[in-house]
Chemist: 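The structure that follows is given in the form of structure tokens.
Sequence lines set the chain letters: A, B, ... in the order given, protein chains first and strands last, and positions in each chain run from 1.
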Amino acid sequence: MSGAEHDFGAFVAARATSLLRVAYLACGDETEAEDLLQTALERTYRKWDRIRHDSPEPYVRRVIVNAAISRARRRAILKIIPMHSPPDTPARTDDPDLQHVLREALRALPPRQRAVVVLRYWEDLSETQTAEVLGCSVGTVKSQASKAMAKLRSALGQDTVKGVIRNAHA
Amino acid sequence: MPTLEDELRRLMADDTARLHAAPDLLERVVRSHRARRSRVKAVAVAASVAAALVVVGGPAVYLSAGPAPTAGGPGTTSAVPEPPAIDDTPPAPTEPANLGDLGDGKEFGHVKVGYLPERLVWGNWSIDHGDSYSTSYNYKGDDEGSYRVQIFVYENGAVQELEDRLQTYRDEEEGQEVTVGGRSGYQVVTNVGEDGMAGTPTLFLKLGDRQWAEITFSPVYAKEFRDAEAVTAELNRIGEGLTSTL
């Protein structure tokens, strides 16, 4: 195995699970997430000699997120929200209502807004970094994040949010 | 009190905690990469052989004489190779349906193209899915498979699919409603672009209740114009010239 292959193997071993989770959050389907990740890694492997010296993770993340958006748009799946497979391990149960409503609201977001939410609040990327991933302006990230959060709040209903959060801490 | 952002983080953490990359992911990536490289080589070899056949003619007799070697076939190798994994098997090549010889490309399916920008010629390519079909235009000498302008047409059942896509743009407040030549439409720069491409300027135009057209400029072609306004003007000219024969 060459040094480059070894490096790539080490990168996959270290980061694949984290990237799979980003893919899942971006597309909402486990099988599709695995496919997105494999496709992104194949592209990365082809360009590894060029990418390996920088940080490859942002590149893979960018491919995953944008491919997820492109696929969602192409398939017009917004109206056909993927069926949710219940997790093997139960989610935290202190606020199941909120989790359910929030999950469905998150899934119902348009793909780009969902991507912004995932990148900002899951990956903890700054607005500038998020803009770089999505290939758009910081202003667009701000407006998309603002719209997404407004939709989530609206879907939940402000009372629900306050109530459930209060219950969770009661 | 946790904020909505905190709740989102917790939800996402809970929803993804069970997910772990497959242990054979690296192997699949490398294997797929090699299979792809082999396919590319095979296509290149096939293309060069085909070219040799066309140019030389005579040696075709020799090239086609005798049984073609098959991978793993008797006598080709002393060791029997393992059968390829299912996901290594390239899909059987199938020729997609097309619209046939379109001549200058100014009439295809149920539409007529009244205006094309200067120097653009039919790309000698089309695809026909029945309710939707498409063809493209480029410059003489452009690489095969590239395009400068592509027109998609959606009819009957495919119109609903297109309207769903348009609704997506509206939901995300991307693009804008337009009227071109007295017909309603939607203008947007599509595709975020996996490689950070600037995007594809696109005009969706309603040709009738059961027919829509999507006119797109490739990002490369769009760069030839001085600015976005010039791109839009040219897209509109093509749209205005498009007529339905449905």
Chemist: So, taking the atom named CD in B:Glu7 and the one named CG in A:Leu102, what distance separates them when rounded to the nearest 0.5 Å?
Modeler: 7.5 Å
Chemist: Name the member of A:Glu34, A:Arg120, A:Met149 that forms the most heavy-atom pairs with chain B at distances under 4.5 Å.
Modeler: A:Met149
Chemist: I need the minimum non-hydrogen distance between B:Leu25 and A:Ala16, along with the two atoms involved.
Modeler: CD2-CB, 3.7 Å
Chemist: Provide the closest heavy-atom pair for B:Ala21 versus A:Leu20 in the form atom of the first, atom of the second, distance.
Modeler: N-CD2, 3.8 Å
Chemist: Where on A:Val118 is there a heavy atom nearer than 4.5 Å to chain B: the side chain, the backbone, both, or neither?
Modeler: both
Chemist: Around atom CZ of B:Arg210, are there more than 12 heavy atoms from other residues, nucleotides or ligands closer than 6.0 Å?
Modeler: no
Chemist: Please determine whether side chain to side chain contact (heavy atoms under 4.5 Å, CB included) holds for the pair B:Arg18 and A:Tyr24, giving the CA-CA distance in whole Å, both sets of side-chain angles, and the decisive distance to 0.1 Å.
Modeler: CA-CA 11 Å; B:Arg18 72 187 191 285; A:Tyr24 175 77; 3.6 Å; yes
Chemist: Distance from B:Leu11 atom CG to A:Arg103 atom CZ, nearest 0.5 Å?
Modeler: 5.5 Å
Chemist: Which residue is it: B:Val30, B:Val29, B:Leu26? I am looking for the one with a side-chain contact (heavy atoms from CB on, under 4.5 Å) to A:Leu41.
Modeler: B:Val29
Chemist: Of all heavy-atom pairs between B:Glu5 and A:Tyr121, which one has the smallest distance, and what is that distance?
Modeler: CG-CE2, 3.4 Å
Chemist: For residues B:Leu8 and A:Leu106, report the shortest heavy-atom separation together with the two atoms involved.
Modeler: CD2-CD1, 4.2 Å
Chemist: For B:Ala22, which atoms come within 4.5 Å of any heavy atom of chain A: side chain, backbone, both, or neither?
Modeler: neither
Chemist: Need one label for A:Val117: side chain, backbone, both or neither, based on atoms under 4.5 Å from any heavy atom in chain B.
Modeler: both
Chemist: Tell me whether the guanidinium CZ or amine NZ of B:Arg34 lies under 6.0 angstrom from the six-membered ring centre of A:Tyr45 and within 45° of its axis.
Modeler: no
Chemist: Please say whether more than 12 non-hydrogen atoms of neighbouring residues, nucleotides or ligands are located less than 6.0 Å from CG in B:Asp209.
Modeler: no
Chemist: Charged N to carboxylate O under 4.0 angstrom, A:Arg21 versus B:Asp15?
Modeler: no
Chemist: What distance do A:Leu19 atom CG and B:Leu19 atom CG have between them, rounded to the nearest 0.5 Å?
Modeler: 12.5 Å
